[in-house]
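Keep in mind that this is a model prediction, so the values were computed, not measured. Proteins come first, then strands; the chains are lettered A, B, ... in the order of their sequence lines, and each starts at number 1.
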2 protein chains.
Amino acid sequence: MARRNDHSREELKELALTAGEQLIDEEGIHALSARKIAQRIGYSAGALYLVFTNLDDLCWHINGRTMAMLNTLLSAQIEQEKVNRPPQEALRLIAKTYLNFSAEWPNRWALMFEHHTPESIICPDWLIHAVNQLFGFVQAPLRQLAPNVNDESLQLAVRTLWCGVHGIAALSSRGKLFLEGDQTDALIDNLLTHYLTNWIQESTNEQFV
Amino acid sequence: MARRNDHSREELKELALTAGEQLIDEEGIHALSARKIAQRIGYSAGALYLVFTNLDDLCWHINGRTMAMLNTLLSAQIEQEKVNRPPQEALRLIAKTYLNFSAEWPNRWALMFEHHTPESIICPDWLIHAVNQLFGFVQAPLRQLAPNVNDESLQLAVRTLWCGVHGIAALSSRGKLFLEGDQTDALIDNLLTHYLTNWIQESTNEQFV
DNA sequence: TGACTTATTAAACGCTGTTCATTATATTTA
DNA sequence: TAAATATAATGAACAGCGTTTAATAAGTCA
C-alpha cells in the first residue's frame, strides 16, 4: 500500500506520541516498541521513521510533553492559589503537586529519568528551559520569605529543596522500600518545615552580617 | 562440547556476575546482555540459565552486590571515624559517602533504581534488610543529637534525610540539569545544616511539651 | 488513458532473551 | 580395558526488537 494520506505528518506524529504514552501508561516503559505503537495507530513500524529519527527521538518528545504537562499543572495551581497565600504554603503546594504528578503518571515520570540516550547525554534546550521554569516556581516564594538573600544562596536553596522533593518522589514511587501507608505527605511537610524554618532564619540574619 | 568442569556452579555464577558488572561499568546498563556476558567468560549464553533463572535474576544479584558494597563502605568509614566525632559530622560523612559512591559507580547505581522487574515489583528480603541497615547508619547519629525524641519522629527524620541525599545524587548523577561545576557538596551541606539545626531544636523542645 | 510522483509498506539484517534436544566429555561399571 | 551411564555445556531455534530500503499501491496531472 502507499499514499493513503489519511493523516498529515503532524497528525501522524501526534498519533504516535499519544499511542506511545498510552502504551507506557498501561504496560510500563519497557513495553514501548516501534511495532506496538505502529499497530495501535494502524501504520507500519517503518512509518514512524518518517516523523522521528528513531525511538530515542520519540522518547524525548514524550518527555517533552510530560514536562509540559507538569509545568502547566504547576503554573495553573500557582495562579489559582495566588490569593495572598503565605509563601510556605505555596512551596508546600508545589511539592505536593510534584509528588501527586509522579504518583499519577508513574511510568511517564520514570521515562523522564530513566531514559538515558546511550552515548553522550546531551540535554536538549527545551529541557533546560523547562527545568529553569520549574526552578522559577520554587524561587518566587523563597524570595518572598527572604527578600534580601543573595542570588547564590537562593539558587542553592531552590535546588536543595527540589532535590529533596524529587528524592521523596523517586524513592516512594517504585519502592515500597520503607514506611507502611502513604506517608509521603508527612515526609514533604517534615522536609519543608525544618529546612525552611532555619533557612529563613539564617537568610534574614545574613543581611545584617 | 560438554562437561568441561572448568568451574563449579558457584564459580560460574561469580564469573558471570563479575563480567556483568564490568559490562555495566564500561558500556552502561543497556549494554548488558546474556550473549555479551557469556562471551566474556568463555561460555555460551545458555550456560547462564544454569545458574540464574533469567537475566532479571542476574540483575537482582548484581544489585545485591552493589548494595553490599555500599554497606561495607559505609560501615567501614563509620567505624574508622568513630573517635568522638560529633553526630552532625557523622551524618555529613554518610551523605558524602553515598554521593561519592553514586558518582564512582554511576551505572551500577543506576541499575539499582532503574531495574524494575516488569510485573509485580516484589522487594526481595535481602533488599529490605540492606535498606534497613542503611537507615540504621543514619539513625544512630540522629538519636545522639536528640536522645529523647520519639521513634516516629526519628523514623521520619531518617527517611527525609535519606530521600534528600538520594535526590541530590539522582539529579546530579546523570543530569547536568543545573549548577555549573560540582556543587553537590554544597547541596549536601546546605540540606543537612538547615534541616538538622531546626530538627534538633524542635526535637529537644518536644520532650518538654 | 498513460506518465509521473509519492506515501507507505513488507521484507531484510543483526540484535535480543530464552528453551531444549543434542553432544562431547567424565565417571562408573563390567 | 571397554562399555555403559551420567551430565556439563552447547548450538540451533523461536519470537520479538530497532532500523533501513527496495518495492508498490494510490493519488495527481497531461
Without decimals, in angstroms, what is the distance between [X] [atom1] and [N] [atom2]?
{"X": "A/His30", "N": "C/dG17", "atom1": "NE2", "atom2": "P", "value": "13 Å"}
{"X": "B/Asp56", "N": "C/dT16", "atom1": "CG", "atom2": "C1'", "value": "14 Å"}
{"X": "A/Ile41", "N": "C/dT8", "atom1": "CD1", "atom2": "P", "value": "10 Å"}
{"X": "A/Leu50", "N": "C/dT9", "atom1": "CG", "atom2": "P", "value": "9 Å"}
{"X": "B/Leu48", "N": "C/dC20", "atom1": "CG", "atom2": "P", "value": "17 Å"}
{"X": "B/Glu10", "N": "D/dA8", "atom1": "CD", "atom2": "P", "value": "14 Å"}
{"X": "A/Gln39", "N": "D/dC17", "atom1": "CD", "atom2": "C1'", "value": "14 Å"}
{"X": "A/Leu58", "N": "D/dT19", "atom1": "CG", "atom2": "P", "value": "10 Å"}

- prompt: Between C/dT18, D/dG18, C/dT9, which nucleotide gets closest to the side-chain atoms of A/Ser44?
  reply: C/dT9
- prompt: C/dT16, D/dT10, C/dT18: which one has an atom nearest the side-chain heavy atoms of B/Lys36?
  reply: C/dT16
- prompt: Are the aromatic ring centres of B/Trp109 and B/His166 under 6.0 angstrom apart?
  reply: yes
Pair B/Trp60-B/Phe52, ring pair (Phe, Tyr, Trp, His ring centres under 6.0 Å): steps then yes or no: CA-CA 10 Å; B/Trp60 278 111; B/Phe52 302 103; over 10 Å; no
query: What about A/Arg35, does its side chain sit under 3.5 Å from the base of D/dG18 through a donor-acceptor pair?
result: yes
Using a cut-off of less than 4.0 Å, is there contact between a side-chain N or O of [X] and OP1 or OP2 of [N]?
{"X": "A/Tyr43", "N": "C/dT8", "answer": "yes"}
{"X": "B/Ser33", "N": "C/dT16", "answer": "yes"}
{"X": "A/Arg9", "N": "C/dT8", "answer": "yes"}

message: Would the distance check show the side chain of B/Arg143 and the main-chain N or O of B/Val149 forming a donor-acceptor pair, the cut-off being under 3.5 Å?
response: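 Pair found, side chain donor or acceptor close to backbone of B/Val149.
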field: Check ion pair A/Arg40-A/Glu26 (N to O, under 4.0 angstrom)
entry: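 A/Glu26 and A/Arg40: salt-bridged.
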Pair B/Thr18, B/Glu14: side-chain N/O donor-acceptor within cut-off below 3.5 Å: yes
query: 5'-most contact on DNA chain C: B/Asn5 or B/Gly46, nearest heavy atom basis?
result: B/Gly46
